Q: 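This is the structure, below, for whatever I ask next.
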Amino acid sequence: MREPSTVLRHPVVSEKTYGLMNRNVYVFVVDRQATKIDVRHAVEQAFDVRVDRVNTLNRKGKATRNRRTNQRGRRADTKRAFVTLHPGDKIDLFES
């Protein structure tokens with residue numbers, strides 16, 4: 001089993017993810033080689049919660065260009081995990 005810090009990169013902060021938090025769904029950027037089982041174990045171990053479901057998706061990096069030199073490039077590809085927690089469990093990510 002892998003360490004949670006190597007599987008979970010960081011949480012995704014956006015309006016959509018704040019809306020999903022009301023439904024007990026949290027979104028994380030994860031390692032590209034991480035499986036759903038790795039993500040499940042990492043979240044359960046890191047936050048001491050029970051995970052019901054994990055959905056993952058791979059996102060292609062956007063094409064970019066430098067305005068001064070007009071060189072083309074790409075942002076890195078990422079993998080996201082939508083983690084649904086057991087009813088009653090909660091991750092205090094942004095609570096103060």
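Quick note: residue numbers are just sequence positions, from 1. No experiment lies behind these values; they were computed from the predicted model shown.
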Q: Does R59, at its CZ atom, have more than 12 non-hydrogen atoms belonging to other residues, nucleotides or ligands within less than 6.0 Å?
A: no
Q: Let me confirm one number: the CG-OG distance from L20 to S14, rounded to the nearest 0.5 Å.
A: 8.0 Å
Q: Minimum heavy-atom separation for P4 and A46, please, with both atom names.
A: CB-CB, 4.0 Å
Q: So, R9 side chain and T78 main chain: donor-acceptor pair closer than 3.5 Å or not?
A: no
Q: Indicate, with yes or no, if V83 and I37 share a hydrophobic cluster defined by side-chain heavy-atom contacts under 4.5 Å among Ile, Leu, Val, Met, Phe, Trp and Tyr.
A: no
Q: For a side chain to side chain contact (heavy atoms under 4.5 Å, CB included) with F28, tell me which candidate from V54, L8, V7 qualifies.
A: L8
Q: Is D48 atom CG crowded by more than 12 heavy atoms from other residues, nucleotides or ligands, each under 6.0 Å away?
A: no
Q: Has the side chain of D77 got a donor or acceptor atom that lies under 3.5 Å from a matching backbone atom of K60?
A: no
Q: Calculate, to the nearest 0.5 Å, the distance between atoms OH and CZ belonging to Y26 and F47 respectively.
A: 9.5 Å
Q: Main chain of H86, side chain of N24: is a donor-acceptor contact present, judged purely on distance under 3.5 Å?
A: yes
Q: Would you say the side-chain atoms of R74 pair up with the backbone N or O of G61, donor to acceptor, closer than 3.5 Å?
A: yes
Q: Show your working on side-chain contact (heavy atoms from CB on, under 4.5 Å) between M21 and Y18 and close with a plain yes or no.
A: CA-CA 5 Å; M21 284 182 202; Y18 272 111; 4.2 Å; yes
Q: Between CG of N55 and NZ of K36, what distance do you get to the nearest 0.5 Å?
A: 5.5 Å
Q: Check for a donor-acceptor pair, side chain of K79 on one end and backbone N or O of A34 on the other, with a separation under 3.5 Å.
A: yes
Q: Atom CZ of F82 and atom OG1 of T56: how far apart are they, to the nearest 0.5 Å?
A: 10.0 Å
Q: Do you know which two heavy atoms are closest between V49 and E44, and how far apart they sit?
A: O-CG, 3.2 Å
Q: Looking at CG of N58 and CZ of R80, how far apart are the two atoms once the value is rounded to the nearest 0.5 Å?
A: 11.5 Å
Q: Between L85 and D52, what is the shortest heavy-atom contact and its length?
A: O-OD2, 3.7 Å
Q: Would you find a donor on one side and an acceptor on the other, under 3.5 Å apart, between the side chain of R40 and the backbone of V51?
A: yes
Q: Any sub-3.5 Å donor-acceptor pair from T17's side-chain atoms to V27's backbone N or O?
A: no
